[in-house]
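Order of the sequence lines fixes the chain letters, A, B, ..., with proteins taken first and strands second; residue numbering starts at 1 for each chain. Fair warning: this is a prediction, and the values are worked out from it, not measured in the lab.
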Amino acid sequence: MVRGPRPMPQGQNKTPAIPYASALNPAQYQAVTHPGGPLLVIAGAGTGKTRTLVYRVAYLVEQGVDPRSILLLTFTRKAAQEMMERASQILDARCAMVAGGTFHSFANLILRRYGSHVGYPASFTIADRSDAEDILNLIRTDLGFHKDKARFPKKRALMNIISRAANCQMSVGQVLAQEYPQYEALEPEIEEIARTYARYKEERAIMDYDDLLTKCRDLLRDHPPVRQRLSWTYAHVLIDEFQDTNAVQAEIGAFLASEHGNIMAVGDDCQSIYSFRGADFRNIMDFPKRFPGSTVITLEENYRSTQPILSFTNAIIENAREKYSKRLFTKAEGGAKPIYTRPPSELAQALYVLQRIQTHLQEGVPPHQIAVLFRAGWHSNDLEVLLGKHGIAFVKYGGMKFIEAAHIKDVLAFLKATVNPADTISWHRILQLLEGVGPVTAKRLAENVKEKGLESLVSKSLGKRKYGQSLRILHDTMTQLTTGGEPVSQKIEAVLTAYQPLLEAKYDDAPKRIPDLRSLQLLAERYENLETLLADLTLESPEQALARENGPRHRKDHVVLSTIHSAKGLEWHTVFIIHLVDGHLPSSYSLHDEDAIEEERRLFYVAATRAKCHLYLVAPKVQGQASFYSLATGGPSRFLFEIGRLGKLVRRDDPEAA
DNA sequence: TAAACTTGGTTTTTT
DNA sequence: ACCAAGTTTA
């Protein structure tokens, strides 16, 4: 059963519908029309990386490859969606049938189907980061380590350690030695927590983000028939942002390509910014070793930025410790130098940005072509308030999310528990909403439900407790939800009815939260199946899903605020980089580690290369004494100092005069 | 045993 | 500013 590339009726016309040679430069053309076999495209910022992938998809489809057998793995689902849309525009609707998404969403799909091979039922639930941390916290308390004399890591640190071990393929001991020397003495205890955590999830059909990747890898590695079948299903594997994939993701890609070798990876070593998730920019260099016979193509012509911006970004990356193989150029001439400014305070910074945004809007720059970028979610707090006061609409990417709000998590816990009654961490959350039920009771009841089923909630001994009545109501709701076959929207309705009184009892600001529940309900109406809804909400930020839902028209009236990480792959006419101060960018956590500083520099590079026409570099003077929360030294970022010709590359702007 | 309150320690980026 | 742990009260 050979199911490799095969001709489709529509694809047999001999003259291509798309003039590839004139639409692409020679390097892009070579990548797009590559005959097959492993291909690595090193694509500098703004060199048409997305364009190349889009045309590659169209080319393959036009050649007669079944679109469903093309797998396009990207960093966000939005990116995959947009590429498929663009490919559909240049060729035809067949391109929308390409299988695309993130590694996590792909792994989710595969594991729903083949999970039994690695010990999971199709109805497993996914624990997002905070669920996973809650599980670790339960285990930590259970094992009693917090009572020890030495300070024991908190749930957040535990999660970081365990996740790093999974992503970097290391043992807990190795992670501790490398990254957390202060906890090295606690290795046996932390190991025990990690083991208990793994067992906890397996027994309850729960996966965390890392499990999706590692279990998918295990499935492909340990089950050759499944691997062969999937490899033939996906006859062409395309991976975007390859510099930010980690070892597990790279293995998944390799297994998928194992039968045919048609793997195309696109990335830029200078833009690797996810080492905290186990990505190593050196991986991209290993591609030709891993796939013998690889073709390597480098894209160096930049189509995004003006020459002054490009000169500046080239100067940033020139100071990287490892020298890179490419130098970007543009044929375009003219353009303004980046503007560097030093507002006297953080508030003055927000005011400056506000005024500049207003000016550009008056000049006719569309709001969605203006972006403000920063290192950490809270860096935009001042600006958000100010923009709100002046009636400038904005969307924010990164930072606190819709799905992380407590009331949304509550509702999702109800839904997860109906899909997977063994999901004790969701039950734990639900039960504590009831008056008179705290952590101890919740834990006991949750374990009872897992062992003995829903009926254990209405046993005689519990009926006498003061929360007996609430338990009966909960039991009835959940029984109805697990047995009834009604559509998703009705199930949500039932959950909201049960949850509303609990919400009102728990939160003083309940009226403010109710609209969010309606949004959730609206979002859910499109789904036929609860598992899919839950997986989508956990694997893609609803902000992005909603933005897509409301269409481009909605997005166009909003200025964009974004963390630099979330700005990956995007571009804007005008870009502000704020908090360009030592301690913020580079972040103070990175200052003691050379590799970490290198990554912060790449982060700055990614931010600056997002700009097409205008780039603002804003380094506020930090006022007041540094508290625990603001560790900035107040000096402008070292990355500015190290650029020797800074004075020639940027124009200074005196905010006092503005 | 839950809930309300005090105190002391921590700190980012994302699927 | 937030979270965990300890203390007090009901």
Could you work out which one of [options] sits closest to the side chain of [X]?
{"X": "A:Thr441", "options": "B:dT15, B:dT1, C:dA4", "value": "B:dT1"}
{"X": "A:Ser587", "options": "B:dT14, B:dT12, B:dT1", "value": "B:dT12"}
{"X": "A:Arg129", "options": "B:dT14, C:dA4, B:dT11", "value": "B:dT14"}

With respect to the phosphate group of [N], does any side-chain polar atom (N or O) of [X] fall under 4.0 Å of OP1 or OP2?
{"X": "A:Lys155", "N": "C:dC3", "result": "no"}
{"X": "A:Arg140", "N": "C:dA5", "result": "yes"}
{"X": "A:Ser566", "N": "B:dT14", "result": "yes"}

Next item on the list: Would you confirm whether the ring centroid of A:Tyr234 sits within less than 6.0 angstrom of the ring centroid of A:Phe106?
Entry: yes
Check: Are the aromatic rings of A:His565 and A:Tyr274 close, with centres under 6.0 Å apart?
Finding: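 Yes: the rings meet the under 6.0 Å criterion.
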Margin query: If you assign each of A:Tyr209 and A:Ala376 to its closest nucleotide in DNA chain B, which residue comes earlier from the 5' end?
Written below: A:Ala376
Next item on the list: Tell me which of A:Tyr274 and A:Ala442 sits closer to the 5' end of DNA chain B, going by the nucleotide each one is nearest to.
Entry: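 On the 5' side of the pair lies A:Ala442.
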Next item on the list: Using a heavy-atom cut-off of under 4.0 Å over every strand shown, decide if A:Ser105 touches base, sugar-phosphate, or nothing.
Entry: nothing
Checklist line | Complement of B:dT12, any strand, by Watson-Crick or G-U distances under 3.5 angstrom | finding: none
Notebook entry, point to check: side-chain hydrogen bond (donor to acceptor under 3.5 Å, both in side chains) between A:Asp134 and A:His428: does it pass, once the steps are laid out?
Noted result: CA-CA 10 Å; A:Asp134 289 347; A:His428 202 252; over 6 Å; no
